[in-house]
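All remarks here apply to the structure that follows.
Note on naming: letters A, B, ... go to the chains in the order of the sequence lines (proteins, then strands), and numbering restarts at 1 for each one.
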Amino acid sequence: MPRRVIAHCDIDAFYASVELLRHPELKGKPLVVAHSGPRSVVTTASYEARTFGIDSAMPAARARALCPDAIFIEPDHKAYREKSTEVWDLVRARVPVVQQVGIDEAYLDVTAFEKPLPVLRELVAEVHDRTGMFVSVGVGPSRLVAKTVSGSFKPRAFKALSREQACELFADRPTRLLQGVGPKTAERLAAFGAHTVGDLQRMDEELLIEHFGDNWGTYIKARAWFHDDSPVAAPGPAKSRSNETTFPADVDDHGQLEATLARLTEELCAQLQRKDVAGRNIAIKVRLDDWTTVTRARTIGERTNDPGVVLPVVLDLFRGYAPARPVRLLGVRLAAFEEPPARSRASQMALPV
DNA sequence: TCTGGGGTCCTAGGACCC
DNA sequence: TCTGGGGTCCTAGGACCC
């Protein structure tokens with residue numbers, strides 16, 4: 001793998017920062033962007049709110065308990081999309097290889113620049129001047145190093161680290177720091193005594209492979225040493241689209257559940273029609289009051305985005321499962337957007353010439 | 001204080017075909 | 001009466017990410 005210079009750019013407290021631009025009088029106050037429902041979670045907390053222990057994905061009710069004086073703002077996704085476009089258009093105007101990840105993050109391959117850091121400095125300054133957003137930047141030989149650096153030094157991070165420096169600097173941090181190690185893997189690793197990145201670095205690879213499988217064992221061991229050769233590449237077209245909703249209170253009336261499935265299906269099909277894609281795989285998702293999650297799927301012969309075709313399948317899948325407990329969440333999903341596979345010889349022969 | 005919504009990728013097992 | 005090996009497609013669940 002030839003030498004690479006990768007940057008990870010992350011807009012600081014993105015949604016909260018957009019709100020502060022529109023409501024400058026709130027500057028310095030703890031700000032929480034979250035929907036108002038009883039089961040909503042925090043989308044973004046300003047850094048003032050984070051000092052109270054509030055963080056993304058936390059139940060909004062808990063955030064309110066932690067900081068009763070925090071100002072809660074309903075998300076305005078249209079405004080965030082527009083601001084996001086402004087920011088990443090400026091980035092793409094200066095850097096040709098950009099992989100956007102979500103609304104507020106991107107990886108940049110800046111290997112081709114003779115002096116990447118000054119280029120990135122100027123970019124951060126320009127983005128702030130023209131959009132009001134602060135971008136944290138981590139730089140390293142891989143996406144993993146860049147991402148870990150930006151995440152560890154934000155807000156307003158600007159730092160470059162070699163792989164060796166990352167191995168040393170993050171050795172005492174929890175394994176969870178590594179992108180790819182989620183709560184479950186961190187828990188399993190802890191059961192082997194691997195609590196920190198350094199512990200994982202020292203762990204016997206054979207033991208990891210034995211317990212985590214060939215792929216995953218090799219992968220997390222490499223991550224602990226910050227080895228990562230994944231390229232910065234624009235993602236391909238979407239492989240699936242879905243629409244789901246959590247009820248404010250659990251629902252056990254099947255009439256109401258089916259009406260919700262009909263609405264979700266209509267909305268999803270309308271979205272697919274706007275994007276001019278159609279799928280052959282139709283799936284439903286049902287989450288019960290005890291948090292068990294069940295999916296049922298069916299692949300049909302022809303691609304479709306017609307609710308008249310999709311809804312009967314959705315309802316059939318739902319009736320086949322017929323949840324016996326109150327339902328918390330319902331979802332509908334379409335996938336398999338690519339051309340159907342070539343027909344088998346048998347079915348070809350069955351067709352008239 | 002109970003835990004959103006939109007995605008991706010991986011695994012395991014079964015059906016079916018050659 | 002017992003029993004191959006490989007490949008593809010599909011379903012269901014789970015982990016993870018933003």
Side-chain angles (χ1 to χ4, degrees), chain A residues 8 10-11 14-15 33-44 53-68 74-75 77 80 84 99-107 143-144 147 150-151 175-176 178-189 212-217 219-220 223 230 235-250 264 267-268 271 280-301 317 320-321 328-338 340-347:
Chain A
H8 180 258
D10 193 330
I11 310 175
F14 179 47
Y15 292 2
V33 182
H35 286 286
S36 55
R39 287 171 162 174
S40 72
V41 298
V42 173
T43 313
T44 312
I54 300 174
D55 211 350
S56 296
M58 172 183 290
R62 174 152 195 236
R64 219 177 279 275
L66 285 171
C67 181
E74 194 75 13
H77 294 284
Y80 309 147
S84 168
Q99 177 182 357
Q100 206 183 317
V101 182
I103 199 165
D104 64 345
E105 286 185 24
Y107 292 93
R143 294 165 33 125
L144 179 59
K147 165 90 180 168
S150 69
T175 55
R176 191 74 178 75
L178 298 169
Q179 196 208 27
V181 176
K184 300 288 180 183
T185 302
E187 200 179 313
R188 289 177 67 190
L189 287 171
F212 291 83
D214 221 328
N215 273 348
W216 194 247
Y219 176 76
I220 53 177
R223 305 281 290 177
S230 62
K239 298 184 170 176
S240 71
R241 295 279 174 190
S242 61
N243 188 16
E244 65 184 54
T245 187
T246 295
F247 297 107
D250 300 335
L264 292 170
E267 292 169 356
L268 181 62
Q271 185 201 137
R280 294 167 51 234
N281 184 268
I282 300 165
I284 63 164
K285 172 172 160 184
V286 183
R287 175 126 71 211
L288 306 176
D289 60 343
D290 65 356
W291 205 255
T292 54
T293 305
V294 171
T295 60
R296 291 291 181 267
R298 184 178 304 161
T299 298
I300 62 174
L317 290 168
Y321 169 55
R328 174 186 183 92
L329 170 151
L330 280 178
V332 177
R333 187 176 79 111
L334 245 83
F337 297 151
E338 71 284 1
R343 287 185 302 270
S344 73
R345 214 178 309 172
S347 61

Can you sort out which residues in residues 237-245 of chain A have a heavy atom within less than 4.0 Å of DNA chain B? Ascending by number, please.
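Output list: A:A238, A:K239, A:S240, A:R241, A:S242, A:N243, A:E244, A:T245.
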Is the A:H8 ring parallel, tilted or perpendicular to the A:Y107 ring (thresholds 30°, 60°)?
tilted
Measure [atom1]/[X] against [atom2]/[N] and give the value in whole Å, please.
X	N	atom1	atom2	value
A:R62	B:dT3	CZ	C1'	11 Å
A:E74	B:dG4	CD	C1'	12 Å
A:D214	B:dC10	CG	C1'	14 Å

Checking contacts here: which listed nucleotide (B:dT3, B:dC10, B:dT1) is nearest the side-chain heavy atoms of A:N215?
B:dC10
Dot-bracket for DNA chain C, 5' to 3', Watson-Crick and G-U pairs with both distances under 3.5 Å, [ ] for crossing pairs, | for partner on another strand, reads ....||||||||||||||
Decide side chain to side chain donor-acceptor pair (under 3.5 Å) for A:T299 and A:R280; before the verdict, give the C-alpha distance in whole Å, the side-chain angles of both, and the deciding distance to 0.1 Å.
CA-CA 5 Å; A:T299 298; A:R280 294 167 51 234; 5.5 Å; no
For A:F247, does the six-membered ring have the charged nitrogen or CZ of A:R328 within the cation-pi criterion, i.e. under 6.0 angstrom from the centroid and within 45° of the normal?
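The answer is no, since A:R328 fails at least one limit relative to A:F247.
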Counting any heavy atom closer than 4.0 Å, what does A:L66 reach on the DNA or RNA strands: base, sugar-phosphate only, or nothing?
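Counting heavy atoms under 4.0 Å across all strands, no contact is made by A:L66.
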Check whether any side-chain N or O of A:R328 sits under 4.0 Å from OP1 or OP2 of B:dG4, and answer yes or no.
yes
Quick check against the 3.5 Å criterion: does A:S56 have a side-chain atom that pairs as donor or acceptor with the backbone of A:T43?
yes
Mapping A:R287 and A:R333 to their closest nucleotides on DNA chain B, which lands nearer the 5' end?
A:R287
Base of B:dC2 relative to its sugar, syn (within 90° of 0) or anti?
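Base orientation relative to the sugar is syn.
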Nucleotide-resolved protein contact map, nucleotides 11-18 of chain C, B/S/- at heavy-atom distance under 4.0 Å:
SSS-SSSS
